[in-house]
Structure formats: structure tokens, C-alpha cells
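Note that ligands are numbered from 1 as they come in the structure, with each ligand's atoms numbered from 1 the same way. Here the structure is a predicted model, which means the values were calculated and not measured.
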Amino acid sequence: PEDIRVYEFAEACGKSPAEVITVLFSLGMMVTKNDFLKQDELEILGEEFGIEVTVRDALEDVNYVGDYHDGDEDIDDSSFVTRPPVVTIMGHVDHGKTSLLDKIRSSKIASGEAGGITQHISSYTVEKNGQKITFVDTPGHAAFSAMRSRGTAITDIVIIVVAADDGVKPQTEEVIAHAKASGCPIIIAMNKIDKETANIDMVKAQMAEKGMTPVDWGGNTEFIGVSAKSGEGIEDLLENILIQAELLELKADPTAKAKAAVIESSLEKGRGPVATIIVQNGTLRIGDNIVCDTTFGRVKAITDDNGNAVKELGLSETGTVLGLNDVPTTGTVMVVMDSDKEARDIATTRAEHARAKELSKSTKVSLEEMSGLI
Ligand code: GDP
Ligand code: MG
């Protein structure tokens, strides 16, 4: 909403900047030609000029991934298929998120491959009963909420890990709040049930107090006892995820130009900017022209979640992408464009816009500071 400037607005509705400034001035609002208009100012202007003002990022459509539902009439769904669910694991530190993910992964990888895996990977896709599931490890839930606030909803299902010997902790409570706000189905994995001190009823009672009542207590949250150590309960957990996924009827179009969420990024020596992504729609291929917030480029190389070089990534699959001109921000969306010019133009426009906004912010602050001094 605060992304349109006075002169841009004037241009868009066929007025002069002076007319816009005058209207606002008469109501005691001081703006200059280059200022960004606030939501309330836009509403006033809309009324004053008798036009309907709907504001959105001019480039929003580029990033829009969208929720598709069966039966949506205005969408040609002939090429839509069921896509794998993306599952985010959250929970208090040391309750076993990483261990659980590692166990799921190793139990789902052919033994020949498993030996080769040494380094921890924060997202990967596994298969259960011929159906794929993509998991994401959230080191903290900071990344998760950052993505949500950017409107990048990558997660379909949230798993909250609670150590059954430790119970609900402050971070568990925070995670519950985040998970609820996401609107995603939530599954509770009570981990470390191999421990003698594990107390499942304690966990259920504490969680019920936080509004997460177990199904077997008459509520509607699934609680599954698991052990990342022994592997107990993991099949049960995976089955539950697939049941939830089926209810969600997740669909996407593998023939579309790809859109993918950036879940991690870094600058690697000898490789340049590296983006770890999850494909949300379409298929991402080597050679694709991509734009990602203010960065752009052409896909040079793709590796899958096993670190193998691949030519493409399909729906809900995760891997790393090389070829961007700079390190993209986590939580942004990577989008395939028709041409490299288009990708470059969008990235450049965004960068300029972001700079202008920063600049106008800092001018405003210093003006306010100054008036405070007078
Ligand atoms: P995270 O911080 O949530 O990612 O937790 P980690 O996966 O790093 O695990 C924290 C500690 O708990 C490690 O020492 C793990 O070995 C241990 N741990 C994790 N899961 C289990 C489990 O199911 N049983 C037992 N006994 N220990 C576990
Ligand atoms: Mg961890």
C-alpha cells in the first residue's frame, strides 16, 4: 500500500501532482510529489476524485503463487496435478527437530546412498507409499514468520515437536502461536518416547491447556509419539501427514513457468550466490531466466536435496540454484520470466523502488527529528 508515490498516483488517475497535493493539503496532510502515499491518504484521494482505488504491488502478479481450489471457475485446471505437501518442523530447541528430520530422511533413503550423507540438509523430499513429502527444518521460527510476513506461504502442514520428557517450553508456546496464525493443519510429534522419563500424558495435558486438544481427548489435534533415536512412530507420523495432505487437495501446474520460495541463501566461494528453494508451481529448469526480489539471472546449475546435479526441479521439490547475480533474501519468491531482459528489468525496478523508499523514510525521520528540536 505505501508503494505508490504522489506523482505516480497522479499519473495513474490522469491528474496533475499539484491536484493531488492540493487535496491532501486542504485536509492538513503535507506531501510532496515524491512521497509515498499511505493507505488513508489513498482512500481520501479515491473519494475526492470519485475513483476506486485498489493498490497492489505492480509486480505482485509476478510473485503470486495463489491458492488453487478444485472447481475454481476462472482457472484452466486441465494441467493441474496433485502436488506433494511441504511440511515445516518447529519446536523448542533441543527437542529433536533436526534428529527427527535426519531419521526420517535416513529411513527413507536406500542404504547405499545413506552412507554418503554427512552434512545436514535443511530441506528434502522423501517418499512414503509412493507419495512425496517435502520437509523443512526451521532453525528458529524467525525464518518462518519472516516468510509469512512477506506473504510467502511455503508451508502446507506444521509439525510441532515436543520432547516427551521435557514438555511444553516457552519456545513451544511461541511456535504454537505461529503455527495457529499460519492457518495450516498442525500435527504434534511427541519426541523422545524412548526415554524412561517420557510422559505422554503430561505433554497432552500441557498442550490441551494451550488450546491443542488431542483427538483421543475429544479435540481435533493429532498427537503422535515418536523417537528420533529408535525410529518408533515415524511411519505413523508420515501416514498422518499424507492424510492431512489429502484433505488439503494441494494442486499445482507442472507445465507452468516455475515459481519457487527461497528458504535459504548464501554466497559460496567458487559458486557465487546460492539459493535453496522449494518449487511452488511449475518446473524449474537449467537455462530459465529468473528474477528473485531485486536479484536476477539465468539458472546455471541445479542440485537436488541429495547434492546431485539435476536438470530440473518439479512441484514441491527442493534443491539449490546457481546463477543469480546476487544473494536473494530469504522468504522471497523466485519467478521464471520469458526473457533475461524482463527478469533484469523487474529486478532493477524493484531495487530502485526499494532505494527510493529507504530514502524517503530517512528524509521523513530527519524532518521529524528536526521539528522535535525546534
Ligand atoms: P533440535 O534443537 O530441536 O534440532 O534438537 P536436536 O535434533 O539437535 O536434538 C537435541 C538432542 O536431543 C540431541 O542430543 C539428540 O541426540 C537428542 N534427541 C533427539 N531426539 C531424540 C530421541 O528421540 N530420543 C533421545 N533419547 N534423544 C533424542
Ligand atoms: Mg536443530
- Query: Will you find, in the side chains of Asn34 and Thr32, an N or O donor that is under 3.5 Å from an N or O acceptor?
  - Reply: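 No, no side-chain donor-acceptor pair sits under 3.5 Å.
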Short question: side chain of [X], backbone of [Y] - any donor-acceptor pair under 3.5 Å?
X      : Y      : result
Asn325 : Phe296 : yes
Asn306 : Asn308 : no
Asp340 : Arg298 : no

- Check whether any N, O or S atom of Ser99, backbone or side chain, sits closer than 2.8 Å to the Mg ion (ligand 2).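 For Ser99, the answer is no, given that no N, O or S atom comes within less than 2.8 Å of the Mg ion (ligand 2).
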Please tabulate, one pair per line, all N/O donor-acceptor pairs under 3.5 Å involving side-chain atoms of residues 212-219, not counting sequence neighbours.
{"residue": "Asp216", "atom": "OD2", "partner": "Lys204", "partner atom": "NZ", "Å": "2.8"}

- Item | Sidechain N-carboxylate O distance under 4.0 Å for Asp345, Lys341 |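 Yes, Asp345 and Lys341 are salt-bridged.
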- Near ligand 1, which residues have a heavy atom under 4.0 Å away from one of its atoms?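 The 4.0 Å shell around ligand 1 contains His92, Val93, Asp94, His95, Gly96, Lys97, Thr98, Ser99, Asn191, Lys192, Asp194, Lys195, Ser227, Ala228, Lys229.
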